[in-house]
Amino acid sequence: MEPRPRSFYILAAIFGLFLLFLYGPTITIAILSFQGPTGGLTFPMRGVSLHWFRDLFQQQAVGDIWGAFGRSTALGLMVMVTTVVVSVMGGLAFRKKFAGSGVLFQLVVASLVIPSILVSLGVGLIFSQAGLPVHWASSGFGAQLTWTLPFGLLIMFAVFNRFNPAYEEAARDQGATAWQTIRHVVLPIIAPSLIGVALFGFTLSYDEFARTLLTAGSHNTLPLEIYGMTTNVTTPVIFALGTLTTAFSLVVIAVFLVTVWVLGRRRARAGSDAGRGV
Amino acid sequence: MDRLLKSPNVTGWLLASPLALVLAAFLVLPIVMIVIVSFWTATEFSIVPAFSFENYDFLLGSPVTYSVFLNTFKYAAITWAVTLVLGFTVAYFLAFHVRSQAWQTALFLLCTIPFWTSNIIRMISWIPFLGRNGIANSTLISWGVIDQPLEWLLFSDFSVILAFVHLYTLFMVVPIFNTMMRIDRSLLEAASDAGASGFQTLWNVILPLTKPGIMIGSIFVITLVMGDFITVRFMSGSQAANVGRLISNDIALLQYPSAAATAVVLLITVLITISALLRLVDIRKEL
């Protein structure tokens, strides 16, 4: 192997600093959340304890964190399933040249670039003028979909651009119906990417603040609850919450990655045995 | 019937209908509603359907509006420039200097992980860093660089832009990395065989070929920054304003028609900016 040029070391150093910049603050609050009972929001640490985590679980000072967590998780799962199903259907639709597909695509791009607060404001106005109560599972759910669906659809575009239609042709030649082709050929091939869409859908929803602000109704989701805490909580309990939610996100990513890995292994086992001899 | 079902128009719209319905109900209709309400008036208790230019008159006649819009552009421009340089550098390192694919995937994943955790938490996490008694100040003091804590580290334009860069650089890295990975490596060999230096290859080969990724990343960063209100509110300690904050303040005061008028002006600004950028790139081809 040829030796590394000097630029490699400079760029590697920049990359290292970038990672430090990304992770440094989060690691800092993770450390600070273990402050002793008399510790504050900054260093120095006054002892090490689980005091602030206990505070979080006692639930008196800090509002309805666990209710909000439950709602955010439920909403995240709803958005996730809807995003996967609608994105796959949309992705399949855009492979055909149907009349009006250009307009629909521009609408998808618009959905991505229109500022979140406008969606939030507009949906809130419609519900109030129609006399419907805003609720996280109705207006909040719809408002979040305008953010997760474009991402899901763009991923599907990328997937189908790399998809080899010869597999479908082969299935059709064997007499498979359109549905059988999708069910037994297309879906298994794109399955790992669907996990990516699902991960996007869940975490975008789980973390969505601006679109949920005016559409969640009287019961807060977790980001709204955290936002409320930032304005009136001045103890490390908020760092403890940050540490826990970050840890939860990491667990979610890990679960998804393991699923992708397992799917990949299953596919490798169940895939073609061409070239392996008898 | 059978022929009807085989027509790409029918099946296409059947498959696309859930998507179209969601966007119609939760994007098109709300935007139409905002435009309508922007011509309404408000009393202290409710909004009144009546046609008037009052909101726009007030908005466009106020010098505050212009300074706030200017501030919004300032944040967008600075954040765009910083995330572009940083994002390009990071993507370039990953795509061209990391040789094994396993390392590439691992390092790329490492960059994306913070993206999955809460934005607000990531903002809060700057406080122990930048505060008056924060890590940055105490380090600088103990090194003897400064005698007194720097006041402008937190709750300033500096901290706002720092948070933007922290939150959104990834939106630049991902599309740029994606286009860089699809550059035919033999082009780089050809450039070096033809006697180009590393920098010449970067400037004349890689940069032009990466343009689509740069455009997509720019669209993300610019729209996210222009529509933001929470980062500016939080990181400026409520001392700076952008258009998003103007809207959210009006909403907090239940001045919906006024918020709607500001929203319409913001929407027009964003759409003009984006359509200008989209002229330079065809998104569908680049995925």
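Basis for what follows: all heavy atoms, side chains included, without hydrogens, waters or symmetry-related copies. A note on names: the letters A, B, ... follow the listed sequences, proteins ahead of strands, and every chain is numbered from 1. This one's a predicted model, so the numbers in the text were calculated from it and none came from an experiment.
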| field | Test side-chain contact (heavy atoms from CB on, under 4.5 Å) applied to B/Thr112 and A/Ile253, step by step | value | CA-CA 11 Å; B/Thr112 56; A/Ile253 302 173; over 6 Å; no

| task | Could you pull out the closest heavy-atom pair between A/Ile29 and B/Ser125, with the gap in Å? | result | CG2-CA, 3.3 Å

| message | Distance check, rounded to the nearest 0.5 Å: B/Ile230 atom CD1 versus A/Ser116 atom OG? | response | 11.5 Å

| query | Where does A/Leu19 contact chain B at under 4.5 Å (heavy atoms): side chain, backbone, both or neither? | reply | side chain

| request: Nearest 0.5 Å please: distance from the CD1 atom of A/Ile126 over to the CD1 atom of B/Ile34. | output: 8.5 Å

| said: If you define the side chain from C-beta out and look only at heavy atoms, does anything of B/Phe115 sit under 4.5 Å from A/Leu204? | reply: yes

| Proximal component of A/Ala12, with respect to chain B [non-hydrogen, under 4.5 Å] | both

| query | What part of B/Ile135 gets closer than 4.5 Å to chain A, counting heavy atoms only: side chain, backbone, both or neither? | reply | side chain

| query | Between CZ of B/Arg122 and CG of A/Leu22, what distance do you get to the nearest 0.5 Å? | reply | 6.5 Å

| request: Over 60° means perpendicular and under 30° means parallel, so classify the ring planes of B/Trp13 and A/Phe98, tilted if in between. | output: perpendicular

| said: Keeping B/Tyr92 on the side-chain end and A/Leu11 on the backbone end, is there a donor-acceptor pair under 3.5 Å? | reply: no

| pair A/Pro115-B/Val270: side-chain heavy atoms closer than 4.5 Å | yes

| query | Between A/Phe18 and chain B, which part of the residue has a heavy atom less than 4.5 Å away: side chain, backbone, both or neither? | reply | side chain

| A/Val113: which of B/Thr223, B/Ile222, B/Leu224, B/Thr273 passes side-chain contact (heavy atoms from CB on, under 4.5 Å) | B/Thr223

| note | Honestly, the part of A/Ile14 sitting under 4.5 Å from a heavy atom of chain B is side chain

| field | Derivation of the side-chain contact (heavy atoms from CB on, under 4.5 Å) call for A/Phe94 and B/Leu19 | value | CA-CA 11 Å; A/Phe94 274 103; B/Leu19 175 73; 4.0 Å; yes

| Do you know which of A/Leu32, A/Leu112, A/Val86, A/Leu125 has the most heavy-atom pairs under 4.5 Å to chain B? | A/Leu125

| Just by modelled atom types, is the B/Asn119 backbone N or O under 3.5 Å from a matching donor or acceptor in the A/Asp207 side chain? | yes

| task | Can you measure from CZ (B/Phe26) to CZ (A/Arg211) and round to the nearest 0.5 angstrom? | result | 12.5 Å

| Considering only heavy atoms, which portion of B/Phe96 lies under 4.5 Å from any heavy atom of chain A: side chain, backbone, both, or neither? | neither

| message | I'd like to verify something: which residue of B/Leu167, B/Leu107, B/Ile36 has the highest number of heavy-atom pairs under 4.5 Å with chain A? | response | B/Leu107

| task | Below 4.5 Å from any heavy atom of chain B, which atoms of A/Phe239 appear? Answer side chain, backbone, both or neither. | result | side chain

| request: Under 4.5 Å heavy-atom distance to chain B, tell me which part of A/Leu107 shows up: side chain, backbone, both or neither. | output: both

| said: Using every non-hydrogen atom in the two residues, find where B/Pro18 and A/Met89 come nearest and quote the distance to one decimal. | reply: CG-CE, 3.7 Å

| field | A/Ser128 portion near chain B, given a 4.5 angstrom heavy-atom threshold | value | neither

| Between A/Ala143 and chain B, which part of the residue has a heavy atom less than 4.5 Å away: side chain, backbone, both or neither? | backbone

| Selection from A/Val252, A/Leu104, A/Thr82, A/Val88 maximising heavy-atom pairs under 4.5 Å formed with chain B | A/Leu104

| query | Looking at B/Gly244 and A/Ile117, what are the two nearest heavy atoms and their distance? | reply | O-CD1, 4.0 Å

| Winner by heavy-atom pair count (cut-off under 4.5 Å) against chain B, out of A/Leu241, A/Leu118, A/Thr203 | A/Leu118

| note | Residue from B/Cys111, B/Ser248, B/Ala24 scoring the most non-hydrogen pairs under 4.5 Å with chain A is B/Cys111

| Where B/Ile120 and A/Phe209 come nearest, the two heavy atoms and their spacing | CD1-CD1, 3.8 Å

| field | Pick from B/Gly198, B/Ala259, B/Ser118, B/Gly227 with the largest number of heavy-atom pairs that fall under 4.5 Å of chain A | value | B/Ser118

| task | Would you please indicate yes or no on a ring centroid separation below 6.0 angstrom for A/Tyr227 and B/Phe229? | result | no

| task | Determine the minimum heavy-atom distance between B/His97 and A/Ser7, stating which atoms define it. | result | CE1-OG, 3.6 Å

| request: Dump the intermediate steps for side-chain contact (heavy atoms from CB on, under 4.5 Å) on B/Thr117 and A/Thr245, then the final yes or no. | output: CA-CA 7 Å; B/Thr117 71; A/Thr245 54; over 6 Å; no

| request: Can you tell which part of A/Val159 gets under 4.5 Å to a heavy atom of chain B, answering side chain, backbone, both or neither? | output: neither

| field | Between OG1 on residue A/Thr246 and CD1 on residue B/Ile113, distance to nearest 0.5 Å | value | 11.5 Å

| message | If I measure from the heavy atoms of chain A, does B/Val28 come under 4.5 Å with its side chain, its backbone, both, or neither? | response | side chain

| field | Criterion side-chain contact (heavy atoms from CB on, under 4.5 Å) on A/Val109 and B/Ile219, from CA distance to verdict | value | CA-CA 10 Å; A/Val109 174; B/Ile219 289 172; over 6 Å; no

| note | Whatever's closer than 4.5 Å to a heavy atom in chain B on A/Gln129 counts as side chain

| Which word best sums up how the rings of A/Phe200 and B/Trp116 line up, parallel for under 30°, tilted for 30 to 60°, or perpendicular for over 60°? | perpendicular

| said: So which residue, B/Ile31, B/Leu110, B/Ile127, ends up with the most heavy-atom pairs under 4.5 Å with chain A? | reply: B/Leu110

| said: Heavy-atom cut-off 4.5 Å, strictly under: side chain, backbone, both or neither for B/Leu130 against chain A? | reply: neither

| said: Heavy-atom pairs under 4.5 Å with chain B - which of A/Ser111, A/Pro25, A/Gly24, A/Ala99 has more of them than the others? | reply: A/Pro25

| field | Heavy-atom closest pair, residues B/His166 and A/Phe21 | value | NE2-O, 3.3 Å

| message | Nearest 0.5 angstrom please: A/Leu213 CG to B/Ile251 CD1, how far? | response | 7.0 Å

| note | From the list A/Gly152, A/Gly142, A/Gly90, the residue making the most non-hydrogen contacts under 4.5 Å with chain B is A/Gly142

| remark: Of the listed A/Thr28, A/Val119, A/Leu145, A/Ile27, the one with the largest count of heavy-atom pairs under 4.5 Å with chain B is A/Thr28

